[in-house]
2 protein chains.
Amino acid sequence: MGIGYPWVCYGVRMDETESHGNPPEPVPRLPREEVRRRVLVAAERVFAERGYADSKLEDIAHAAGFTKGAVYSNFGSKKALFGAILEARADAELAAVMAGLDEAEDVSALVDQAARLVALRIARDTVRGRLGLEFATRALRDEETRAVVAPMRRAQRAAAAGAVRTYTERAGVTPPIDPELAGVILHCLTNGLSMEHLVDPEGIDATTSERALRALLGWLTGEAPS
Amino acid sequence: MGIGYPWVCYGVRMDETESHGNPPEPVPRLPREEVRRRVLVAAERVFAERGYADSKLEDIAHAAGFTKGAVYSNFGSKKALFGAILEARADAELAAVMAGLDEAEDVSALVDQAARLVALRIARDTVRGRLGLEFATRALRDEETRAVVAPMRRAQRAAAAGAVRTYTERAGVTPPIDPELAGVILHCLTNGLSMEHLVDPEGIDATTSERALRALLGWLTGEAPS
DNA sequence: GGTATCCGATACCCATGGGTATCGGATAGG
DNA sequence: CCTATCCGATACCCATGGGTATCGGATACC
């Protein structure tokens, strides 16, 4: 990958000094919120790529087109910056899961579609997967982080359980196991596949993830065995 | 947890100077291999508890009853020490998985037993789980680590697949899905449960893990739905 | 028992990077 | 315009901890 940032300040490239004239016309300043947003996005990338401990605040700042000053002015500390990312992701995650539930109508095709969507997300959105691992790792050792991560994970499991309940009901079948337990299995299998894919992308590719998820979902929704 | 080490050198407590006499009788030196073993064990504990980056070599050395000198004399670098742990665990892991396969004879009870054993290991052996996470995290960024971790994981998946094949065959049933895929699902679910338990021990307790594994294994071995 | 070697303890080096103090230009308010 | 405030850039501080050089006692070999 490689992060690679052009040397930029205030969102303006600095490497070529264009001062062949001289009237030092004032450069407009970016709104604070935009600065914050850019730092946040850059920090996600860098934390995902290098991991928390090996991510230097200066690298993050430069990746966003600023210097450490901007980071400290907006977030106050490395830990707080990480916390802001976690918070943002937790919100987005819950929204995404909830939105995905009521998208489709056809129950039998839904299994195929859900399996494909999740598998693609695992295979393509590596930032998501890596950040998830980082969140988990830090939650082990940091009480504050755990206080955000654990409820987030519970909500995801609950959402999965709700989906199983909803769609089996809609299809008029009874699930082979308790939907709550099904939610746990789905959630943990998804996370497990994601982690495994990160470590061994060839070993667990998108197709394998998709097949695994489809098989499991098929069982859970009472599909006739093929 | 808290690591907490008594101040010890050569395995002999140093905090109380017993030099009320004076003939400085020679203290026997520990065999090199024993030193190495103790450092390795201590390093596993510390790495698991604090994570790679936050583990200080001096802490590890003291936890083992030595100083940094012993660590560098035996391993040469922090990375090499971690590599030695990984290597040792990889060997032990493969052996354990292989040994577990031919233990039981009765196929129907085997599912219950296997589920319980794995669930207990997830719930109790937190060092194992944490080290596994650490291995995965480092494998993402370190080519050498990945070269050990990825094959290890593949072997585990293959072993799981082999178990499914063996026991369905023995029971005279055909598994509902390809045994290879079943191996993937079992392996990833197990890892997912382990990670989830570490982050949220109350949310995913031993009972939950056991139920999840038993349900899945029951399905895979063609058990009649209850 | 004398000498060479081994190996862990000790003291030290120094790059690193999180955090802080200060500066100065841009904006806002009058 | 002129001033106060904001906020990111810059320069700096310094604890930290991986790594190295050296020491000295124990072991091994003759």
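So you know, we letter chains A, B, ... as the sequences are listed, proteins then strands, and number each from 1. Bear in mind that the values here come from a model prediction, so they are computed numbers and not experimental data.
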Output one line per pair: protein atom, nucleotide atom from nucleotides 20-22 of chain D, and distance, for all N/O pairs under 3.5 Å.
none

Protein and nucleotides 28-30 of chain D: nitrogen or oxygen contacts under 3.5 angstrom:
none

What N/O pairs connect the protein and nucleotides 1-6 of chain D at under 3.5 Å? Give each pair on its own line.
none

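Across every strand in view, C:dC12 sits in a pair with D:dG19 that passes the Watson-Crick or G-U test at under 3.5 angstrom.
Applying the side chain to side chain donor-acceptor pair (under 3.5 Å) criterion to B:Ser73, with sequence neighbours excluded, gives B:Arg32. Evaluation of the side-chain contact (heavy atoms from CB on, under 4.5 Å) rule for B:Asp125 yields B:Arg121, B:Val127, B:Arg128 as partners, not counting sequence neighbours. Among residues two or more places apart in sequence or in another chain, the side-chain contact (heavy atoms from CB on, under 4.5 Å) test is passed with A:Tyr72 by A:Leu57, A:Lys68. By the side chain to side chain donor-acceptor pair (under 3.5 Å) test, A:Asp178 is found to be paired with no residue, residues two or more places apart in sequence or in another chain being considered. For B:Ala61, the side-chain contact (heavy atoms from CB on, under 4.5 Å) partners at least two apart in sequence or on another chain are B:Val71. The side-chain contact (heavy atoms from CB on, under 4.5 Å) test applied to A:Ala84 returns A:Arg36, A:Leu40, A:Phe75, not counting sequence neighbours.
The shortest distance between the side-chain N/O atoms of B:Thr67 and the OP1/OP2 oxygens of C:dA9 is below 4.0 Å. Side-chain N/O atoms of B:Asn74 include one lying less than 4.0 angstrom from OP1 or OP2 on C:dG8.
No engagement by A:Val71 is indicated, since no non-hydrogen atom pair under 4.0 Å with the nucleic acid exists.
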Under 3.5 Å, side-chain donor or acceptor atoms of residues 188-195 of chain B against the rest of the protein: list the pairs with distances, not counting sequence neighbours.
{"residue": "B:Thr190", "atom": "OG1", "partner": "B:Leu186", "partner atom": "O", "Å": "2.7"}
{"residue": "B:Asn191", "atom": "ND2", "partner": "A:Glu196", "partner atom": "OE1", "Å": "3.3"}
{"residue": "B:Asn191", "atom": "ND2", "partner": "B:His187", "partner atom": "NE2", "Å": "3.3"}

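Of the candidate nucleotides C:dG19, D:dG18, D:dC7, C:dG19 has the atom lying nearest to any side-chain atom of A:Leu57.
Atom-to-atom, CD of A:Glu33 to P of C:dT27 comes out at 17 Å; the value is rounded to the nearest Å. The distance from atom CZ of A:Arg36 to atom P of D:dC7 is 12 Å, rounded to the nearest whole Å. Rounded to whole angstrom, the span from the CG atom of A:Leu30 across to the P atom of C:dT27 amounts to 10 Å. Between B:Phe66 atom CZ and C:dC7 atom P the separation is 13 Å, expressed in whole Å. The distance between atom CZ of B:Phe75 and atom P of C:dC7, rounded to the nearest whole Å, is 13 Å. Counting to the nearest Å, the C1' atom of C:dG18 and the NZ atom of A:Lys56 are 13 Å from each other. When rounded to the nearest whole Å, the span between CD1 of A:Ile60 and C1' of C:dG19 equals 14 Å.
B:Glu134 has no carboxylate O lying under 4.0 Å from a charged side-chain N of B:Arg130, or vice versa, which leaves the two without a salt bridge. Salt-bridge formation is not detected for the pair A:Arg141/B:Asp54: no Lys NZ or Arg NE/NH1/NH2 atom is positioned less than 4.0 Å from an Asp or Glu carboxylate oxygen.
Listed by first then second residue, pairs satisfying salt bridge (charged side-chain N to carboxylate O under 4.0 Å, His left out) with a partner in residues 180-193 of chain A read A:Arg165-A:Glu180, not counting sequence neighbours.
Interface residues of residues 77-89 of chain B facing DNA chain C, ordered by number: none; criterion, heavy-atom separation under 4.0 Å.
Using cut-offs of 30° and 60° for the angle between ring planes, the B:Phe47 and B:Tyr52 rings count as parallel.
Proximity of B:Phe66 to B:Leu30: side-chain heavy atoms (C-beta onward) are separated by under 4.5 Å at one or more points.
Here the CD1 atom belonging to B:Ile122 is positioned 9.5 Å from the CD1 atom belonging to B:Ile204, to the nearest 0.5 angstrom.
Under the salt bridge (charged side-chain N to carboxylate O under 4.0 Å, His left out) rule, B:Asp59 has a single partner from B:Arg50, B:Arg45, B:Lys78, which is B:Arg50.
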